[in-house]
Number of protein chains: 2
Amino acid sequence: MRIGQLAQLVGVETQTIRFYEQQGLLPPPDRQDNGYRVYTEKHGEGLAFIRRCRILGLSLAEIHELQSYQDDPHQPCTAVNALLDDHISHVRSQITALQALEKQLVSLRASCNDEREVEACGVLAGISEGNMHQQ
Amino acid sequence: MRIGQLAQLVGVETQTIRFYEQQGLLPPPDRQDNGYRVYTEKHGEGLAFIRRCRILGLSLAEIHELQSYQDDPHQPCTAVNALLDDHISHVRSQITALQALEKQLVSLRASCNDEREVEACGVLAGISEGNMHQQ
DNA sequence: TATTGACCTTATAGTAGCTTTATAGTTTAA
DNA sequence: TTAAACTATAAAGCTACTATAAGGTCAATA
Ligand SMILES: [Zn+2]
Ligand SMILES: [Zn+2]
Ligand SMILES: [Zn+2]
Ligand SMILES: [Zn+2]
């Protein structure tokens with residue numbers, strides 16, 4: 001299997017596959033005489049794992065960490081679960097921050113209608129005056 | 001006022017100020033004979049405006065756009081309000097995406113307790129099996 | 001006077017996770 | 001045979017800074 005086929009199979013670009021290899025997330029495949037990469041099913045599974053982790057918002061560093069746990073299958077999985085817990089709390093704090101931000105933006109937006117000149121724009125005035133409650 | 005004083009006044013690093021100048025967000029100040037930048041109150045206001053925009057999550061491009069509106073104060077402020085509306089809906093879609101993600105992560109986490117080996121970890125299995133409902 | 005320390009200058013590289021571009025070699029189909 | 005489609009490497013671009021390097025300037029101190 002060449003890189004293009006693998007890319008199509010998993011739904012990524014070929015450059016992304018080379019990038020993961022370069023980052024040490026995907027083991028370097030064998031090469032043909034012409035230098036073309038040759039992939040196995042294992043690579044496909046590894047790549048799909050990476051992609052699913054990315055969809056879950058895990059960073060490449062976190063994925064790398066998960067992989068290191070997989071290499072040691074008889075350890076307790078405490079660290080895996082902890083990694084996920086950390087990630088969940090990270091996502092939650094992002095949500096909280098964005099919700100606070102939304103509230104601020106909405107109240108800023110409410111301070112203007114569409115009938116004014118820029119000079120008198122409530123939005124611009126609101127930003128310039130700086131009476132912002134920064135969390 | 002030199003760059004260090006301005007930085008302390010507004011609460012940013014000196015490099016950030018030079019960066020904004022380089023990006024065209026802050027007008028180039030006059031220089032002393034020795035090359036040191038000399039800032040006025042106007043610069044302080046401009047810099048504070050940029051920082052408040054950043055706190056609101058606006059990108060440098062969006063800030064640049066706002067500045068261009070400010071340069072033309074007798075236009076209607078429709079574009080300003082529209083920019084904010086766009087930004088709000090952007091923030092909202094981020095929140096929605098993160099909430100969906102959180103749900104997914106929590107259910108993944110629930111598929112494991114801390115008493116297993118990595119081999120049998122419900123989290124890793126859940127990712128590997130790939131039965132993920134992508135949004 | 002010499003030298004320390006705090007400040008300023010520019011230029012360059014690093015961060016995350018790719019994507020894009022440039023340049024070139026290889027395979028395959030018409 | 002030639003062109004399309006594929007592969008390779010290396011390097012730059014993206015965002016919004018942050019950090020580092022190597023050096024010039026200035027005031028105060030020893
Ligand atoms: Zn995380
Ligand atoms: Zn307005
Ligand atoms: Zn925006
Ligand atoms: Zn587990």
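Naming: A, B, ... by sequence-line order, numbering from 1 per chain. In what follows, every heavy atom counts, from backbone to side chain, and hydrogens, waters and symmetry copies are set aside.
R54(B) places a side-chain N or O within donor-acceptor distance of the main-chain N or O of L58(B), the cut-off being under 3.5 Å. S128(A) places no side-chain N or O within donor-acceptor distance of the main-chain N or O of A125(A), the cut-off being under 3.5 Å. A donor-acceptor pair under 3.5 Å is formed between the side chain of R52(B) and the backbone N or O of I127(A). Judged by distance alone, with hydrogens and angles left aside, the side-chain atoms of H87(A) form a donor-acceptor pair with the main-chain N or O of L56(A) at under 3.5 Å.
The residues D30(B) and K42(B) are annotated as not salt-bridged, no charged nitrogen and carboxylate oxygen being separated by less than 4.0 angstrom.
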Using the salt bridge (Lys or Arg N to Asp or Glu O under 4.0 Å) rule, take R92(A) and D86(A) through it: C-alpha gap first, then chi angles, then the decisive distance, then the call. CA-CA 10 Å; R92(A) 283 184 176 146; D86(A) 283 357; over 6 Å; no
Between V38(B) and M1(B), is the side chain to side chain contact (heavy atoms under 4.5 Å, CB included) condition met? List the steps. CA-CA 5 Å; V38(B) 187; M1(B) 196 187 223; 5.8 Å; no
Take V91(A) and I95(A) through the side chain to side chain contact (heavy atoms under 4.5 Å, CB included) test and state the conclusion after the steps. CA-CA 6 Å; V91(A) 168; I95(A) 291 173; 4.1 Å; yes
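Closest heavy-atom contact between G126(A) and L108(A): CA-CD1, 3.7 Å.
Put simply, CG on L6(A) is 10 Å from P on dT7(D), counting in whole angstrom units. Following rounding to the nearest Å, D30(A) (CG) and dT7(D) (P) show an atom-to-atom distance of 17 Å. As rounded to whole Å, 13 Å separates atom C1' of dG14(C) from atom CD of Q23(A). Whole-Å rounding puts the Q15(A) CD to dT7(D) P distance at 11 Å. R18(B) places its CZ atom 12 Å from the C1' atom of dT18(D), with the value rounded to the nearest Å. Between the CD atom of E21(B) and the C1' atom of dT9(C) there is a distance of 12 Å, rounded to whole Å. Atoms CG (L25(A)) and C1' (dA16(C)) sit 12 Å apart, rounded to a whole Å. Atom CD of E13(A) is separated from atom P of dT7(D) by 12 Å (rounded to the nearest Å).
Both Q22(B) and Q5(B) lie close to DNA chain C; mapped to their nearest nucleotides by heavy-atom distance, the more 5′-ward contact belongs to Q5(B).
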With 3.5 Å as the limit, what N/O pairs link the protein to nucleotides 25-27 of chain D?
unit_1	atom_1	unit_2	atom_2	d
dT25(D)	O4'	Y36(B)	OH	3.4
dT25(D)	O3'	N34(B)	ND2	3.4
dC26(D)	OP1	N34(B)	ND2	3.0

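The phosphate of dA8(D) has OP1 or OP2 within less than 4.0 Å of a side-chain N or O from R37(A).
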Contact pattern, 5' to 3', of nucleotides 11-17 of chain D - B, S or - by protein heavy atom under 4.0 Å: -----BB
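Comparing dT10(C), dT20(C), dA8(D) against the side chain of R31(A) picks out dA8(D) as the nearest.
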